[in-house]
Amino acid sequence: QAKAQGRNTLCFFDPAMQAAASARSALEGDMRQGILRNEFLLHYQPVVDEAGKVLGAEALVRWNHPQRGMVPPGDFIPLAEQTGLILALGRQVLTMACRQLALWATAPHTADWTVAVNVSAQEFRQPGFADEVLSVLRDCGADPAHLKLELTESLLLHDVEDSILKMQALRTLGVGFSLDDFGTGYSSLSYLKRLPLDQLKIDQSFVRDVLTDPNDATIACTIITLAHSLGLDVVAEGVETEGQRAFLLRNGCQQFQGYLFGRPGPAELL
Ligand code: C2E
Ligand code: MG
Ligand code: MG
Ligand code: MG
């Protein structure tokens, strides 16, 4: 009967669409289980100064999936955001990062390291976000002054007044704020000056071709100048070569992160 309708019949349940939908719900179920079973862990990537000295690290979540192995965040963060699972996952991430911070505080050569944690829009928008961060810091015995939260432009500009209040509540205790992937979002400069930020991170898309693409070089240099004139630190992300480092350094960049200095890995390997 189906065959008689011919191949041009519009089929509501497209098998490919159905397969994608069931893969998604399988992944969602796996993720729910994975959170309960503590399958998520953090890798750390060093952030260094002009001299190459480690200042701290960015915590980057990975999923050690029982069948698939180590899954990168790009493969599950979007679904975690769509399903709301990011709230439970984000709390685990923050807790793991703060435990690491408390551990670093106990050894002389790591005692002043900072940890940077990426925060999703949904997490930040929770009314109790600031209190949650403070209670995790307290439970872990971690120093708030060594925690940096990485936010994005779209997240901050969604509700600027609310963003400022939350940031101020955390800043009074010493928590720092970094604007991640800077230059790829709305870049509303009038809001930028109102936000109580500490740091801009130059997105890796501008760093990649900084030596060969004059536009990227101009953008990178403009971000560095902008950061300095606003009194902010600037970190270049995705630095892979000595040439990129030298160019950015010459143009005033003081902090660097990228494969040149270290790939993300277990804390023990930092
Ligand atoms: P991001 O915060 O901008 O992190 C930097 C990404 O660039 C990381 O990818 C890192 O591994 C990669 N990277 C670092 N150095 C280099 C380099 O020299 N070259 C290249 N090509 N790449 C480099 P990763 O770990 O796959 O994370 C991707 C994104 O996932 C992050 O981008 C962040 O937006 C998100 N993410 C990671 N962990 C978390 C988390 O715990 N919570 C939330 N909400 N998002 C997270
Ligand atoms: Mg980041
Ligand atoms: Mg980034
Ligand atoms: Mg990114």
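Heavy-atom basis, side chains included; hydrogens, waters and symmetry copies ignored. Order of appearance sets the numbers: ligands from 1, and atoms from 1 within every ligand. Not measured: the values here are computed from a predicted model. Heads up: numbering here begins at 1 and tracks the sequence.
- Here Asn118 meets the criterion, with an N, O or S atom under 2.8 Å of the Mg ion (ligand 2).
- Nearest heavy atom pair, residue Ala97 against residue Val115, reads O-CG1, 4.0 Å.
- Summarising the geometry, atom CZ belonging to Phe177 is positioned 12.5 Å from atom CD belonging to Gln199; distances are rounded to the nearest 0.5 Å.
- Taking the centre of each ring, Phe206 and Phe182 stay at or above the 6.0 Å mark.
- Against a heavy-atom cut-off of under 4.0 Å, Pro73 is close to the following atoms of ligand 1: 24 (P), 25 (O), 26 (O), 27 (O), 28 (C), 30 (O), 37 (C).
- Contact annotation: for Arg263 versus ligand 1, there are no heavy atoms closer than 4.0 Å.
- At a cut-off of 2.8 Å, Asp203 does not coordinate the Mg ion (ligand 3) through any N, O or S atom.
- When all heavy atoms of Glu123 and Gly90 are compared, the closest pair comes out as OE1-CA, 3.4 Å.
- Salt bridge Glu28/Arg24: absent, no basic N to carboxylate O contact under 4.0 Å.
- When distances from the Mg ion (ligand 3) to the N, O or S atoms of Asp180 are compared, OD1 comes out shortest.
- Remark: Arg245 does not engage Glu240 in a salt bridge, criterion side-chain N to carboxylate O under 4.0 Å.
- The nearest N/O/S atom of Glu150 to the Mg ion (ligand 2) is OE1.
- Looking only at its N/O/S atoms, Asp181 has OD1 as the one nearest to the Mg ion (ligand 3).
- Heavy-atom contacts of Glu240 reach the following atoms of ligand 1: 17 (C), 18 (O), 19 (N), 20 (C), 21 (N) (cutoff under 4.0 Å).
- Those atoms of ligand 1 with a heavy atom of Ser120 less than 4.0 angstrom away are 44 (N).
- Ligand 1 has an N or O atom lying under 3.5 Å from an N or O atom of Asp181, backbone or side chain.
- Close contacts between ligand 1 and Val93 involve ligand atoms 41 (O) [criterion: under 4.0 Å to a heavy atom].
- Under a 4.0 angstrom heavy-atom cut-off, Gly74 registers as lying outside contact with ligand 1.
- Checked against a 3.5 angstrom limit, the closest N/O atoms of Gln45 and ligand 1 fall inside it.
- Only the backbone of Val239 comes within 4.0 Å of ligand 1, counting heavy atoms alone; no side-chain atom from C-beta on gets that close.
- Between the side chain of Asp181 and the main chain of Thr184, no donor-acceptor pair closer than 3.5 Å is present.
- Note on ring orientation: taking the six-membered ring where Trp is involved, the planes of Phe40 and Trp63 are parallel (angle under 30°, cut-offs 30° and 60°).
- In Lys201, neither the side chain nor the backbone holds a heavy atom less than 4.0 Å from any atom of ligand 1.
- Using 4.0 Å as the threshold, His43 has no heavy atom nearer than that to any atom of ligand 1.
- With hydrogens and angles left out, the side-chain atoms of Lys201 and Gln257 include a donor and acceptor closer than 3.5 Å.
- Ser178 and Glu150 share no side-chain donor-acceptor pair at under 3.5 Å.
- Distances from ligand 1 to the non-hydrogen atoms of Pro264 include at least one value under 4.0 Å.
- Enclosure of atom CZ in Arg125 by more than 12 non-hydrogen atoms of other residues, nucleotides or ligands within 6.0 angstrom is indicated.
- Under a 4.0 Å N-O distance rule, the pair Arg171/Asp198 qualifies as a salt bridge.
- The minimum distance between the Mg ion (ligand 2) and any N, O or S atom of Glu58 involves atom OE2.
- Heavy-atom separations between Glu81 and ligand 1 are all 4.0 Å or longer.
- Residue Arg208 does not touch ligand 1, judged by heavy-atom distances below 4.0 Å.
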